[in-house]
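For reference, the structure discussed in these notes is given below.
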Amino acid sequence: MTLLQVKDLAVEFSTAEGVVRAVKGVDFEVERGRTLGIVGESGSGKSVTSLAVMGLHRGAEVTGSVLFDGAELIGAPAETVRRLRGRRMAMIFQDALTALHPYFTIGDQIAEAHREHFGSSRKVAWARAVEVLGDVGIPEPARRAGEYPHQFSGGMRQRAMIALALSCEPELIIADEPTTALDVTVQAQVLDLLMKLKEERGLGLIMITHDLGVIARVADEVLVMYGGAAVEQAGCDAVFTDPRHPYTRGLLDSLPRLDAGDGEALHAIPGAPPSLLAPPPGCAFHPRCPVYAADPQAACTDARPPLRQVAPDGHRSACVHAEVTA
Ligand code: ADP
Ligand code: MG
């Protein structure tokens, strides 16, 4: 059974200014032991997608289907989803300092989660907290479990949040920009830790990031989001070697490269992400698209182009100009 199967997931917020269509019908799957990377600029709907999967979409209208190990979560009783969350599926956020409670020790917070989901004794739960802190590479875990979040460095706090997520032995972890606030060395260590834990425990992992460099390091499959929609979906290698959407190519061109010549400039994508209240007609990327600029086609502005298969390996692109290979 596929661990997570998401179909036509859409999320809308009713605001005073109008309806914000934050996610416009995305499909993806996560198998055990695999990592799905979701990448896109800020505001593309990555976090809203993950919160909807976790049932944490306050005030939003969510439609579509989210099957977790075969069970439908959309429309399921809040209590059912609450019991899964933190237990069989867990989330790691960018900012551990806001995700962790400042007034409780790290060990207490992990132990509390264990007690809540397993009804374990204080002693057992505390022992489990110390054990997972050790698992994520925190030195002297028995002592550090008694410390508060502010006593941890940024990287150690992020490890503690991973420990919290792991404490109930989840099958799925969604990590939303987990390393964005860290410097590059610590970022690499935390990503390596997540990959190691995924391998050892056969976890399904969703890695959400604006950084294709992170995707290259961890993802098996990739979903590229733009303006709340999936614009490209493929295996990780295919995305890097054979991108089929101008937006993905733009993201790749703005990646720093080791082999770039001296003084070779990075090419940031010009323009700004679209408004979700009043998105551009047709393909939301067309106002920034070099292909459209060179050869404006009505197909780019008439209707939002659907994702379609462009290669036999399942590679999908939402660009009307995408090359299709047999
Ligand atoms: P990302 O994680 O890709 O940076 P988000 O998923 O956080 O982007 O947000 C996608 C869009 O949804 C943004 O334009 C944001 O303003 C909008 N959005 C998120 N939450 C709400 C909300 N509660 N009410 C209205 N709009 C929201
Ligand atoms: Mg986000």
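In listed order, ligands and their atoms are each counted from 1.
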- Any side-chain donor paired with an acceptor under 3.5 Å for H114 and S120? yes
- Have E177 and H210 got a donor and an acceptor in their side chains that come within less than 3.5 Å? yes
- Note on the structure: Closest to atom 1 (P) of ligand 1 among protein heavy atoms sits G43 N, 3.4 Å
- Item | Under 4.0 Å to a heavy atom of E41 - the qualifying atoms of ligand 1, by number | 3 (O)
- Query: Does G45 have a heavy atom less than 4.0 Å from any atom of ligand 1?
  - Reply: yes
- Query: Would you say T49 has any N or O atom under 3.5 Å from an N or O of ligand 1, going by distance alone?
  - Reply: no
- Taking non-hydrogen atoms only, is V48 closer than 4.0 angstrom to ligand 1 via side chain, backbone, both or neither? both
- Query: Which bit of T15 is near ligand 1, meaning a heavy atom under 4.0 Å away: side chain, backbone, both or neither?
  - Reply: side chain
- Message: Restricting to N/O/S atoms, is Q94 within less than 2.8 Å of the Mg ion (ligand 2) or not?
- Response: no
- Item | T180 side chain vs Q94 backbone, donor-acceptor pair below 3.5 Å | no
- Query: What residue and heavy atom of the protein are closest to atom 14 (O) of ligand 1, and at what distance?
  - Reply: L276 CD1, 3.3 Å
- Task: Decide whether E147 and T105 meet the rule of one side-chain donor and one side-chain acceptor closer than 3.5 Å.
- Result: no
- Item | Sole candidate of R217, K198, R159 that passes salt bridge (Lys or Arg N to Asp or Glu O under 4.0 Å) when paired with D192 | R217
- Item | Heavy atom of protein closer than 4.0 angstrom to atom 16 (O) of ligand 1 | no
- Item | For atom 7 (O) of ligand 1, closest protein heavy-atom neighbour | S47 CB, 3.6 Å
- Message: Show me which atoms of ligand 1 lie under 4.0 Å from any heavy atom of S44.
- Response: 1 (P), 3 (O), 8 (O)
- Which ligand 1 atoms are under 4.0 Å away from a heavy-atom of A22? 12 (O)
- Residue, atom name and distance, where the atom is the protein heavy atom closest to atom 18 (N) of ligand 1: F13 CE1, 3.7 Å
- Item | Between R316 and Q233: side-chain donor-acceptor atoms closer than 3.5 Å | yes
- Query: For ligand 1, does R58 get within less than 4.0 Å through its side chain, its backbone, both, or neither, judged by non-hydrogen atoms?
  - Reply: neither
- Message: Whether the T248 and E232 side chains hold a donor-acceptor pair (N or O, under 3.5 Å, no angle test) is what I'd like checked.
- Response: yes
- Ligand-side contact atoms (ligand 1) for residue partner S42, heavy atom cut-off under 4.0 Å: 4 (O)
- Message: Nearest 0.5 angstrom please: I92 CD1 to M161 CE, how far?
- Response: 7.0 Å
- Kindly work out whether a path of hydrophobic side-chain contacts (I/L/V/M/F/W/Y, heavy atoms less than 4.5 Å apart) joins F152 to L193. yes
- Query: Would you call the rings of H245 and Y247 parallel, tilted or perpendicular if under 30° counts as parallel and over 60° as perpendicular?
  - Reply: perpendicular
